[in-house]
Undergrad: 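Before we start, here is the structure in question, set down as structure tokens.
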Amino acid sequence: MELHAHAHAPRGAALLLHRDASGRQPGATGATGAADLAGRPLVSPTIGLSRPGAPIAAAARVVSGIGHDGYLRLAAQTFGAVEAMVAGVRALPGLSLACEPDASLVLLRADGDADVFTVAAELRSRGWYADCQPSWGDLPALLRLGVGAGTRAHVEELLDALRESAAAAEVTGPARLPGRVTDHLLRLSPEHLTGQDVRTLLETLGIDPLGDPVPLLDALVDAAPTRLRPAIVGRLADLRSAPTRG
């Protein structure tokens, strides 16, 4: 369980429960080469050896403070928001449900002349955050909306923003990559992809690597072979986190 996702707890603490000790043992971590060294044997029951105590203590306090009844109330608000979102999306032009949500993630596809990358950018410009899921096989790229208990009171505002964003995306049209860039992506290897390679790609497309996400950047990731996508995102993260002078 990722306690920060819907347990309303700080990031940094997660919970993994095992049915019995045999299931837990493969996850225990021992110090490399400890058997050949003097001193006490070192084995940790967690994957990452030592853990900072503050997130764990904070998560435990938040979870116990909300309590069983509090979580039931939050879950009811979350699913109420999902139901209201699903009902509202059915009446939105330009967008449709990709599937019936089983939980709190609502996935939308763009219809007509819009694409989800442009819809997401329009939505962000209106103060709502949404990310995109690249296409995969026969599945198209999708707009991902994470719904929580706090969404329940603002569903109508979000639906209005989606309606406006879809209409604006229809006017703007989909983000399209030049053919030479698409062809170049097929020749790149994830094992040898460098930050400079990604910088060159972005400069070719007129994208600022330190700027806000733009539809063309999402389109770039979507056009890349699936094996290359994590490498592109990783090198982009390197560029954005690299120290600079002055």
Side-chain angles (χ1 to χ4, degrees), residues 85 89 92-147 158 161-241:
M85 281 291 302
V89 165
L92 289 181
L95 294 172
S96 60
L97 284 173
C99 59
E100 290 290 334
D102 291 325
S104 59
L105 183 63
V106 177
L107 298 173
L108 306 179
R109 71 174 77 226
D111 303 320
D113 294 329
D115 69 352
V116 292
F117 310 132
T118 308
V119 173
E122 291 288 345
L123 202 57
R124 287 192 291 264
S125 72
R126 288 164 172 78
W128 295 90
Y129 178 77
D131 61 1
C132 295
Q133 177 175 304
S135 58
W136 184 277
D138 295 332
L139 297 176
L142 301 174
L143 184 71
R144 295 165 50 97
L145 298 174
V147 179
L158 177 53
L162 279 169
R163 184 180 295 104
E164 295 173 3
S165 298
E170 287 273 358
V171 174
T172 304
R176 299 191 185 279
L177 295 175
R180 67 182 186 281
V181 173
T182 305
D183 293 340
H184 183 62
L185 288 171
L186 299 177
R187 295 192 292 269
L188 294 176
S189 165
E191 294 81 12
H192 302 101
L193 189 73
T194 67
Q196 185 57 47
D197 293 332
V198 173
R199 183 185 293 277
T200 300
L201 274 173
L202 299 183
E203 289 175 349
T204 300
L205 296 171
I207 300 174
D208 179 3
L210 302 182
D212 294 331
V214 294
L216 209 53
L217 179 57
D218 288 324
L220 175 68
V221 175
D222 183 68
T226 54
R227 62 186 180 82
L228 187 63
R229 291 171 181 173
I232 291 177
V233 174
R235 299 297 78 74
L236 179 59
D238 293 342
L239 291 175
R240 288 178 169 172
S241 60

Undergrad: If you compare all heavy atoms of P174 against all heavy atoms of D113, which two are closest, and at what distance to 0.1 Å?
TA: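 That closest heavy-atom pairing would be CD-O, 3.1 Å.
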Undergrad: Just by distance, do the side chain of R240 and the backbone of G211 share a donor-acceptor pair under 3.5 Å?
TA: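 Confirmed, R240 side chain pairs with G211 backbone.
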Undergrad: Going from CG on L97 to CE on M85, what distance comes out if it is rounded to the nearest 0.5 angstrom?
TA: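 Between L97 CG and M85 CE, I get 8.5 Å after rounding to 0.5 Å.
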Undergrad: Which pair of non-hydrogen atoms, one from L239 and one from P209, has the smallest distance, and what is that distance?
TA: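 Heavy atoms only, the tightest pair is CD1-CB, 4.3 Å.
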Undergrad: Does D218 reach the main-chain N or O of P213 with its side chain, forming a donor-acceptor pair under 3.5 Å?
TA: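 Not a single qualifying donor-acceptor pair exists.
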Undergrad: Just one of L236, L193, L217, L188 clears the side-chain contact (heavy atoms from CB on, under 4.5 Å) bar with L201, so which one?
TA: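 So, applying the side-chain contact (heavy atoms from CB on, under 4.5 Å) to L201 and each of L236, L193, L217, L188, only L188 qualifies.
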Undergrad: Any chance CG of D131 has more than 12 other-residue heavy atoms, nucleotides or ligands included, within less than 6.0 Å?
TA: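 Counting neighbours around CG of D131, more than 12 heavy atoms of other residues, nucleotides or ligands fall under 6.0 Å, so yes.
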Undergrad: If every non-hydrogen atom of S96 is compared with every non-hydrogen atom of D111, which pair is closest and at what distance?
TA: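 Taking S96 first and D111 second, the nearest heavy atoms are OG-OD2, 3.1 Å.
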Undergrad: So do C132 and V119 actually touch side chain to side chain, heavy atoms under 4.5 Å?
TA: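 The answer is no; the side chains never approach within 4.5 Å.
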Undergrad: When rounded to the nearest 0.5 angstrom, what is the spacing between CG in L143 and OG1 in T118?
TA: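 Nearest 0.5 Å value for the CG-OG1 distance: 11.0 Å.
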Undergrad: Specify the closest pair of heavy atoms between A98 and R109, including all atoms of both residues, with the distance to one decimal.
TA: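 Heavy-atom minimum between the residues: O-NH2, 3.8 Å.
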Undergrad: Are more than 12 heavy atoms from other residues, nucleotides or ligands located less than 6.0 Å from atom CG of D208?
TA: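 Above 12, so yes.
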Undergrad: What are the two closest heavy atoms between L123 and A130, and how far apart are they?
TA: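 L123 and A130 have their closest heavy atoms at CD2-CB, 3.7 Å.
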Undergrad: Going from CG on L95 to CZ on R163, what distance comes out if it is rounded to the nearest 0.5 angstrom?
TA: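 If I round to the nearest 0.5 Å, the distance is 10.0 Å.
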Undergrad: What do the steps show when you test L202 against V198 for side chain to side chain contact (heavy atoms under 4.5 Å, CB included), and what is the final call?
TA: CA-CA 6 Å; L202 299 183; V198 173; 4.2 Å; yes
Undergrad: Can you confirm whether the side chains of S189 and E191 place a donor and an acceptor under 3.5 Å from each other?
TA: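 S189 vs E191: donor-acceptor pair found between side chains.
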Undergrad: With no hydrogens and no angle check, is any side-chain donor or acceptor of R229 less than 3.5 Å from a backbone partner on A224?
TA: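 Side chain of R229 to backbone of A224, a donor-acceptor pair under 3.5 Å: yes, one is there.
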Undergrad: Donor-acceptor pair, S125 side chain versus E122 backbone, under 3.5 Å?
TA: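 Flag set: sc S125 to bb E122 pair under 3.5 Å.
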Undergrad: Under a 4.0 Å threshold between the charged nitrogen and the carboxylate oxygen, would D183 count as salt-bridged to R180?
TA: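 No, no charged N to carboxylate O under 4.0 Å.
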Undergrad: Quick one about T194 and D197 (side-chain donor to acceptor, distance below 3.5 Å, no hydrogens or angles considered), yes or no?
TA: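 Side-chain D/A pair, D197 to T194: present.
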Undergrad: With side chain to side chain contact (heavy atoms under 4.5 Å, CB included) as the criterion, how do L185 and L220 come out once you've worked through the C-alpha distance, each side chain's angles and the decisive distance to 0.1 Å?
TA: CA-CA 9 Å; L185 288 171; L220 175 68; 3.9 Å; yes
Undergrad: Are L162 and L108 close enough, and set up right, to give a side chain to side chain contact (heavy atoms under 4.5 Å, CB included), and what steps lead you there?
TA: CA-CA 10 Å; L162 279 169; L108 306 179; 4.2 Å; yes
Undergrad: Identify the heavy atoms of P215 and A121 that sit nearest to each other, and give their distance.
TA: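 That closest heavy-atom pairing would be CG-CB, 3.6 Å.
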Undergrad: Please say whether more than 12 non-hydrogen atoms of neighbouring residues, nucleotides or ligands are located less than 6.0 Å from CZ in R176.
TA: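 Atom CZ in R176 is not crowded, with 12 or fewer foreign heavy atoms closer than 6.0 Å.
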